[in-house]
Amino acid sequence: MDIHTEEAIVKLILHGGNTRKEAYAAITAAENYHFEEATSHLQEAEAQFLEGHAWQTKLVSRRSSDKEITPSFLLVHGQDHLMTAQAELNLAKQIVRQYEKQSKLEARITKLENN
């Protein structure tokens, strides 16, 4: 494995980790009903994922060219890390939406109780 392949794999892991960190920060913000902050974290998570995906695309396109990459444990780990981060990001988006709905329902209930 040459240094360029290793660099790309490390970027997959790095951006996957950053995606997960931002996704969980979004959930924490949403738990506290800080939805603008949650949205900001989700946007950063999406940007991190797209950056990681760009590195994955470079690896895949390189594999289909003359410079074939021999699959390794590290390569599989890097791709798995990024794809798991994508799944967690998608789940975080759903959780944030649920907290937004919960917040709106609580506001409606409070308004009804005060009438």
Side-chain angles (χ1 to χ4, degrees):
M1 186 175 342
D2 63 32
I3 190 68
H4 301 293
T5 301
E6 287 178 353
E7 177 187 10
I9 292 168
V10 169
K11 296 290 186 173
L12 294 178
I13 295 168
L14 169 75
H15 291 295
N18 289 344
T19 299
R20 293 176 71 214
K21 177 187 72 140
E22 292 295 333
Y24 285 106
I27 293 170
T28 299
E31 285 174 342
N32 296 307
Y33 295 171
H34 300 147
F35 299 114
E36 286 182 24
E37 181 183 345
T39 299
S40 176
H41 284 296
L42 288 175
Q43 289 170 341
E44 180 58 27
E46 187 72 31
Q48 286 294 317
F49 172 75
L50 291 174
E51 186 69 27
H53 191 266
W55 281 97
Q56 184 176 22
T57 301
K58 289 176 190 177
L59 280 171
V60 169
S61 65
R62 210 166 150 207
R63 181 160 172 77
S64 61
S65 71
D66 354 321
K67 297 180 183 178
E68 186 150 323
I69 299 169
T70 304
S72 68
F73 173 76
L74 190 58
L75 176 59
V76 171
H77 174 67
Q79 290 181 316
D80 182 55
H81 199 70
L82 186 65
M83 294 300 98
T84 300
Q86 181 185 32
E88 288 175 293
L89 173 57
N90 290 336
L91 184 57
K93 288 175 184 179
Q94 291 179 334
I95 291 171
V96 168
R97 282 194 301 270
Q98 289 303 309
Y99 275 115
E100 287 174 334
K101 287 179 184 179
Q102 178 178 320
S103 173
K104 289 175 185 176
L105 288 171
E106 287 177 4
R108 286 178 61 197
I109 290 170
T110 300
K111 185 177 177 181
L112 289 170
E113 289 175 340
N114 292 331
N115 282 336

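Keep in mind it's a predicted model, so treat the numbers as computed, not measured.
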With salt bridge (Lys or Arg N to Asp or Glu O under 4.0 Å) as the test, pick out the partner of K93 among E100, E88, E46.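 It is E46, the one option of E100, E88, E46 that forms the salt bridge (Lys or Arg N to Asp or Glu O under 4.0 Å) with K93.
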Closest heavy-atom contact between [X] and [Y]?
X	Y	value
A29	A38	CB-N, 3.7 Å
V96	A26	CG2-O, 3.8 Å
Y99	F35	O-CZ, 3.5 Å
A45	A23	CB-N, 3.9 Å
G16	A85	O-CB, 3.3 Å

What side chain to side chain donor-acceptor pair (under 3.5 Å) pairs are there with at least one residue in residues 74-87, not counting sequence neighbours?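 As it turns out, there is no side chain to side chain donor-acceptor pair (under 3.5 Å) pair with a partner in residues 74-87 once direct neighbours are skipped.
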What distance separates [X] [atom1] from [Y] [atom2], expressed to the nearest 0.5 Å?
X	Y	atom1	atom2	value
E22	Q43	CD	CD	11.0 Å
L74	I13	CG	CD1	5.0 Å
L42	F49	CG	CZ	14.0 Å
M83	L12	CE	CG	8.0 Å
I9	L82	CD1	CG	12.5 Å
Q56	L75	CD	CG	8.5 Å

Contacts under 3.5 angstrom, residues 108-115 side chains, donor-acceptor by atom type, not counting sequence neighbours:
from	atom 1	to	atom 2	distance (Å)
T110	OG1	E106	O	2.9
N114	ND2	T110	O	3.1
N115	ND2	K111	O	3.4

Could you walk me through whether H41 and Y24 satisfy the side-chain contact (heavy atoms from CB on, under 4.5 Å) test, starting with their C-alpha distance in whole Å, then the side-chain angles of each, then the deciding distance to 0.1 Å, before giving a yes or no? CA-CA 8 Å; H41 284 296; Y24 285 106; over 6 Å; no
Honestly curious: do I95 and Y33 fall in one hydrophobic cluster under the side-chain, below-4.5 Å linking rule?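 Linked within one cluster.
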V10, W55: one ILVMFWY side-chain cluster at the under-4.5 Å cut-off? no
Counting distance only, does the side-chain N/O of S40 pair as donor-acceptor with the main-chain N or O of E36 below 3.5 Å?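 Between the backbone of E36 and the side chain of S40 there is no qualifying donor-acceptor contact (under 3.5 Å).
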Under 3.5 Å, is there a donor-acceptor pair between the Q98 and Q94 side chains? no
